[in-house]
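Everything numeric here is computed off the predicted structure, so don't read it as measured data. Only this structure's heavy atoms are used, side chains among them; waters, hydrogens and symmetry mates stay out.
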Amino acid sequence: MKTRKELLAGLGGVWVALAMVAMGFISAQAQTAGGPMQVAAGWVGSWAASQQIPEPQNALPVQELQDATLREIVHLSVGGELVRVHVSNAFGLGPLHVTAVHIAVPVSPAAAKVDAATDHALTFNGRPDVTIPPGAEYISDPVAFHAAALSNLAVTLHVDQAPVRQTGHPGSHADSYVLNGDHVAEADLPGAKMVEHWYLLAGVDVATSSTPNAVVAFGDSITDGHGSTLNGNNRWPDDLAARLQANAATQNIGVLNEGIGGNRLLLSGLGPDALA
């Protein structure tokens, strides 16, 4: 019989926890062209990334985040007609002023260009900008937006001042784009620097008409996406999401990849430890 240590070694150091999380129905106020729209909605996470302090080689130079636009492309699991976005300053040492946030459908998971006809501005308590205190994560107001299951979503935000210590997720296995100046509403970002990381973006929720549930994939680099294809969205949690969407009985279940490459159970290092 194998010892516990041998079994763990055989798993390549993977520790994975799957949690079924039921999320209750709430009343949400969505922004439409004609103003706020009151709707009954069941919110469910469609995409997520664990936040950490980027290592020096994964952090952006301060000048590149000074008066900067970030466009980040994420792959949704479950779909819905209302969307809200989580913006994080979890590890910042000072307030983070985000002057604008937009969402749109990207023309490709591997390009900065978006479909301008799908561009929507987000608000925070009715305002286009938000100041997030250090250690906090804020959620945008809902916006009416057709988010198809297994589709890609571009989230574009502008910060006027570089964060006092960055918050992000280095192991994105997806390209993001950074460009000085406010280009949030622009369809393309010519001249943008391409980086394989996510910054300041923690989650995307959608509202569903059926009872919402989410599976949380919790683990290290194998869960995070080590070995997957850049911009291919073929991490194993992505494959799980596709299998759930292929069955009408499970199409209401979101999949949230909270893996961190190099993460450990008890001791912090590359990101907060699992117990934290």
- Message: What's the separation between atom NE2 in His97 and atom CG in Asp129, rounded to the nearest 0.5 Å?
- Response: 3.5 Å

- Taking Thr69 for the side chain and His183 for the main chain, is one N or O donor matched with an acceptor at less than 3.5 Å? yes

- Could you tell me whether the side chain of Ser221 and the main chain of Gly261 form a donor-acceptor pair under 3.5 Å? no

- Query: CG of Leu200 to NE2 of His86: how many Å apart, nearest 0.5 Å?
  - Reply: 14.5 Å

- Query: Does any N or O in the side chain of Arg165 come within less than 3.5 Å of the main-chain N or O of Phe91, such that one atom is a donor and the other an acceptor?
  - Reply: yes

- Message: So, taking the atom named CG in Leu150 and the one named CD in Gln251, what distance separates them when rounded to the nearest 0.5 Å?
- Response: 9.0 Å

- Query: Closest heavy-atom contact between Glu258 and Ala49?
  - Reply: OE1-C, 3.5 Å

- Any donor-acceptor N or O pair under 3.5 Å, side chains Asp224, Asn263: no

- Task: Kindly compute the distance separating CD1 (Ile260) from CG (Asp220), expressed to the nearest 0.5 Å.
- Result: 10.0 Å

- Message: I'd like to know if the side chain of Ser46 reaches the main chain of Val204, judged simply by a donor and an acceptor atom lying under 3.5 Å from each other, with no hydrogens or angles considered.
- Response: no

- Query: Strictly by modelled atom types, are Asp160 and Thr99 linked by a side-chain donor-acceptor pair under 3.5 Å?
  - Reply: no

- Is it true that the side chains of His173 and Asn233 contain a donor and an acceptor less than 3.5 Å apart? no

- Message: I'd like to check Pro134 versus Leu93 (side-chain heavy atoms, cut-off strictly below 4.5 Å). Are they in contact?
- Response: no

- Candidate pair Val195 and Glu64, rule side chain to side chain contact (heavy atoms under 4.5 Å, CB included), full reasoning: CA-CA 12 Å; Val195 292; Glu64 292 182 3; 5.6 Å; no

- Do other residues, nucleotides or ligands put more than 12 heavy atoms under 6.0 Å from the CG atom of Asn247? yes

- Task: State which residues pass salt bridge (Lys or Arg N to Asp or Glu O under 4.0 Å) with Asp238; sequence neighbours excluded, sorted by chain then number.
- Result: Arg235

- Cluster link Val105 to Leu76, ILVMFWY, side chain under 4.5 Å: yes

- Smallest separation among heavy atoms of Ala148 and Ser151, with atom names: O-OG, 2.6 Å

- Task: State yes or no: do Val107 and Val184 share one hydrophobic cluster built from I, L, V, M, F, W and Y residues joined by side-chain heavy-atom distances below 4.5 Å, directly or via other members?
- Result: no

- Message: If I compare all heavy atoms of Gly45 with all of Ser77, which pair ends up nearest, and what's the gap?
- Response: O-OG, 4.2 Å

- Item | Any donor-acceptor N/O pair, Tyr177 side chain to Ala111 backbone, under 3.5 Å | yes

- Message: Tell me whether Asp175 contacts the main-chain N or O of Met194 through its side chain, where contact means a donor paired with an acceptor under 3.5 Å.
- Response: no

- Approximate separation, where rounding is to 0.5 Å, of Asp273 CG and Arg264 CZ: 8.5 Å

- Message: I'd like to check His102 versus His120 (side-chain heavy atoms, cut-off strictly below 4.5 Å). Are they in contact?
- Response: no

- Message: Checking side-chain polar atoms at under 3.5 Å, does Glu81 have a donor or acceptor matched by the opposite partner on His146?
- Response: yes

- Task: May I ask you to test the Val101-Val155 pair for a side-chain heavy-atom distance under 4.5 Å?
- Result: yes

- Query: Does any N or O in the side chain of Thr250 come within less than 3.5 Å of the main-chain N or O of Leu244, such that one atom is a donor and the other an acceptor?
  - Reply: yes

- Message: Is it the case that the side chain of Glu72 and the backbone of Tyr199 share a donor-acceptor pair, with hydrogens and angles ignored and the cut-off at 3.5 Å?
- Response: yes

- Any donor-acceptor N/O pair, Asn89 side chain to Gly94 backbone, under 3.5 Å: yes

- Query: Does the side chain of Gln52 come within less than 4.5 Å of His169's, by heavy atoms?
  - Reply: yes

- Task: Might you work through the side chain to side chain contact (heavy atoms under 4.5 Å, CB included) test for Tyr138 and Asn125, ending with a clear yes or no?
- Result: CA-CA 10 Å; Tyr138 277 17; Asn125 198 26; over 6 Å; no

- Task: Please report the closest heavy-atom contact between Pro133 and Thr131, naming both atoms and the distance.
- Result: CD-O, 3.7 Å

- Item | Thr167 versus Ser88, closest heavy-atom pair with distance | CG2-OG, 3.6 Å

- Message: With a 4.5 Å cut-off on side-chain heavy atoms, are Val87 and Phe124 touching?
- Response: yes

- Examine distances only and state if a side-chain atom of Asn180 and a backbone atom of Gln63 form a donor-acceptor pair shorter than 3.5 Å. yes

- Item | Verify same cluster id: Ile103, Val98 (apolar side-chain graph, 4.5 Å) | yes

- Task: Measure the shortest side-chain to side-chain distance between Leu65 and Leu70 over non-hydrogen atoms and say whether it is less than 4.5 angstrom.
- Result: yes

- Query: How long is the span from the CG atom in Leu122 to the CG atom in Asp141, to the nearest 0.5 Å?
  - Reply: 8.5 Å

- Mind listing the closest non-hydrogen atom pair of Gly79 and Thr208 along with its distance? O-CG2, 3.6 Å

- Query: If you group Ile, Leu, Val, Met, Phe, Trp and Tyr by side-chain heavy-atom gaps below 4.5 Å, do Leu157 and Val74 land in one group?
  - Reply: yes

- Item | Donor on one side chain, acceptor on other, Ser172 and Glu196, under 3.5 Å | no

- Query: So do Leu153 and Phe145 actually touch side chain to side chain, heavy atoms under 4.5 Å?
  - Reply: yes

- Val44 versus Val206: any side-chain heavy-atom pair under 4.5 Å? yes

- Message: Count I, L, V, M, F, W, Y as connected when their side-chain heavy atoms are under 4.5 Å apart, and connections chain through other members. Are Leu60 and Leu189 then in the same cluster?
- Response: no

